[in-house]
Enquirer: 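I have a structure I would like to understand better, so I am pasting it below and will then ask my questions one at a time.
Just so we're clear, the structure is a prediction, and the values are computed from it rather than from any experiment. A, B, ... follow the sequence lines: proteins, then strands. Residue 1 opens every chain. Heavy-atom basis, side chains included; hydrogens, waters and symmetry copies ignored.
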Number of protein chains: 2
Amino acid sequence: MSHTAGVRAAQKQRTRQALLEAALDLLAEQSLSSLGLREVTRAAGVAPTAFYRHFHSTADLGVALVEEALGSLHPLIGHTVSAAGDTGERIARAIDLIARHVREHPAHVRFVARERNGGVQPVRAAIAGQLARFTREVRTGLAADPESAGWSDEDLLMLAGLYVDQMLATAAAFLEAEPGQERDIAREAARRLRLISIGRRHWLG
Amino acid sequence: MSHTAGVRAAQKQRTRQALLEAALDLLAEQSLSSLGLREVTRAAGVAPTAFYRHFHSTADLGVALVEEALGSLHPLIGHTVSAAGDTGERIARAIDLIARHVREHPAHVRFVARERNGGVQPVRAAIAGQLARFTREVRTGLAADPESAGWSDEDLLMLAGLYVDQMLATAAAFLEAEPGQERDIAREAARRLRLISIGRRHWLG
DNA sequence: AATTTCGGAGAACAGTTGTTAACTGCATGG
DNA sequence: CCATGCAGTTAACAACTGTTCTCCGAAATT
């Protein structure tokens, strides 16, 4: 039962993944707009022309990387926003989650932070799209909270955007941090989130 | 009294400025890490080798651009933070100031937003240094406000950092906005700042 | 007036880039 | 079992890159 997807298609996927991983590696020390097609294929161990079997251009590859970096993160969002516990516990857990994610996928995080305002328009658009989705998801999560009673949809979206921006800024800070500084960054991020949640509590009236 | 700086040095400065402006133009559609030396000299109308008389590399030129983009902004900061008026008026004035700055110097703003997390380490470091300076200046401005009574220096620095990040995010949003959307972005930014200032008011206790 | 300094030009270098064309070999579907 | 499809290779192209060395002319110094 069930074909294991075909020997042929499987091998294609392996090459595609090799290209994506090689690119991600190279992007540790440069921006996407300077990433060369040959450079990528060389690092992936395939011929330059093989690239065209998978992507039209490096910009196209970048869009695929956005999907890989952010696409699988959506389930996590709603689950985290509507977690149990008091405000302090929820803040600590959210920051812990960010820290772990940055530790486990530093290249993906770096890529997103770098290309969010980078020099390749389609990639910027793809990232903006994913972040807008995150924002709507956080909004939905917040709406379920009893503390959001009386809030307009517009204001909830504003708060969600503030949170998403803050999450990304914290992740970027973790990335740039030298070993041992993570504690300080976590404390600063917690204070920021605490201030925002205080503002949230007194928003009405 | 006073030599007008010498014909020779003056011409050198003109060429240097031509290189910086040509680079800034080219950086509208790419990142610094893909900016070529020859590309810059071609756009500036000088020979490739002339580049070396002014910069060691394009990374070096990038650091100079950071200075040009952010160096002259410091006086403005303290003046804006410690302005008169109630909270709403001060928020509106700050956002207006950002909007005007983005309108008048879009290339500089784009450059900073893009290279803040870009692929060229010395430039990232230069931007981080300038933003840290901004944060300290905002902190000093906030400290003068009677509303900051009882605040620890650490907390003031946290709040200042939050403001600086928010300013940059707003500027970046203005940049990406299509004509006519500026009003909405200004309104969203105002709401964010209002929420933060509410959090500030209730921070203690 | 003679000499030094120095910003910029010119030519040449080895190496790299994206893209094209024609090919090879093997998994696939009839 | 055979013919088709297609991922990947090889070779070649014109164009471009950063860097070096040599030179020129005019401003600056003496």
Enquirer: Closer than 3.5 angstrom, by distance alone: can the side chain of B/R114 be matched with the main-chain N or O of B/L27 as a donor-acceptor pair?
Expert: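 The answer is yes, because a donor-acceptor pair under 3.5 Å joins these two groups.
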Enquirer: Any side-chain N or O of B/R53 below 4.0 angstrom from OP1/OP2 of C/dT5?
Expert: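 So the side-chain polar atoms of B/R53 never come under 4.0 Å of the phosphate oxygens OP1 or OP2 of C/dT5.
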Enquirer: Under 4.0 angstrom, heavy atoms only, what part of the nucleic acid is A/A50 near: base, sugar-phosphate, or nothing?
Expert: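 The residue A/A50 makes base contact.
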Enquirer: Report yes or no: does B/S34 contribute a side-chain atom to a donor-acceptor pair with the main-chain N or O of B/Q30 at less than 3.5 Å?
Expert: no
Enquirer: Whole-Å distance between D/dA7 P and A/L19 CG?
Expert: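 It is 13 Å, rounded to the nearest whole Å.
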Enquirer: Salt bridge check: are A/D145 and A/R90 linked by an N-O gap of less than 4.0 Å?
Expert: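 A salt bridge is present here (some side-chain N lies under 4.0 Å from a carboxylate O).
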Enquirer: With nearest nucleotides of DNA chain C determined for A/T58 and B/R8 from heavy-atom distances, which residue corresponds to the more 5′ nucleotide?
Expert: B/R8
Enquirer: Quick check on DNA chain C: between B/R16 and A/E39, whose nearest nucleotide comes earlier from the 5' end?
Expert: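 In this pair, the answer is B/R16.
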Enquirer: Between the main-chain N or O of B/G78 and the side-chain N or O of B/S82, is there a donor-acceptor pair closer than 3.5 Å?
Expert: yes
Enquirer: Under 3.5 Å, is there an N or O donor on one side and an acceptor on the other linking the side chain of B/T49 and the base of C/dA9?
Expert: yes
Enquirer: Could you state the atom-to-atom distance from CD of A/Q11 to C1' of D/dG5 in whole Å?
Expert: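 Checked: the CD to C1' distance equals 16 Å.
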Enquirer: Nearest-Å distance, CG (B/L26) to P (D/dC16)?
Expert: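 Interatomic distance, CG of B/L26 to P of D/dC16: 14 Å.
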Enquirer: For A/R42 and D/dG8, what is the distance between atoms CZ and C1' respectively, to the nearest whole Å?
Expert: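 Distance check: A/R42 CZ to D/dG8 C1' gives 18 Å.
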Enquirer: Which part of the nucleic acid, if any, lies within contact of B/R14, taking any heavy atom under 4.0 Å across all strands shown: a base, the sugar-phosphate backbone alone, or nothing?
Expert: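 No contact.
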Enquirer: Distance check needed: C/dT19 C1' versus A/F55 CZ, whole Å only.
Expert: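 These atoms are roughly 18 Å apart.
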Enquirer: Rounded to whole angstrom units, what separation is found between the OH atom of A/Y52 and the P atom of C/dA21?
Expert: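 Going from A/Y52 (OH) to C/dA21 (P), I get 12 Å.
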Enquirer: Rounded to whole angstroms, how far apart are CG on B/L37 and P on C/dG15?
Expert: 19 Å
Enquirer: Look at A/R38 and D/dC16 and indicate whether a side-chain polar atom (N or O) is within less than 4.0 Å of OP1 or OP2.
Expert: no
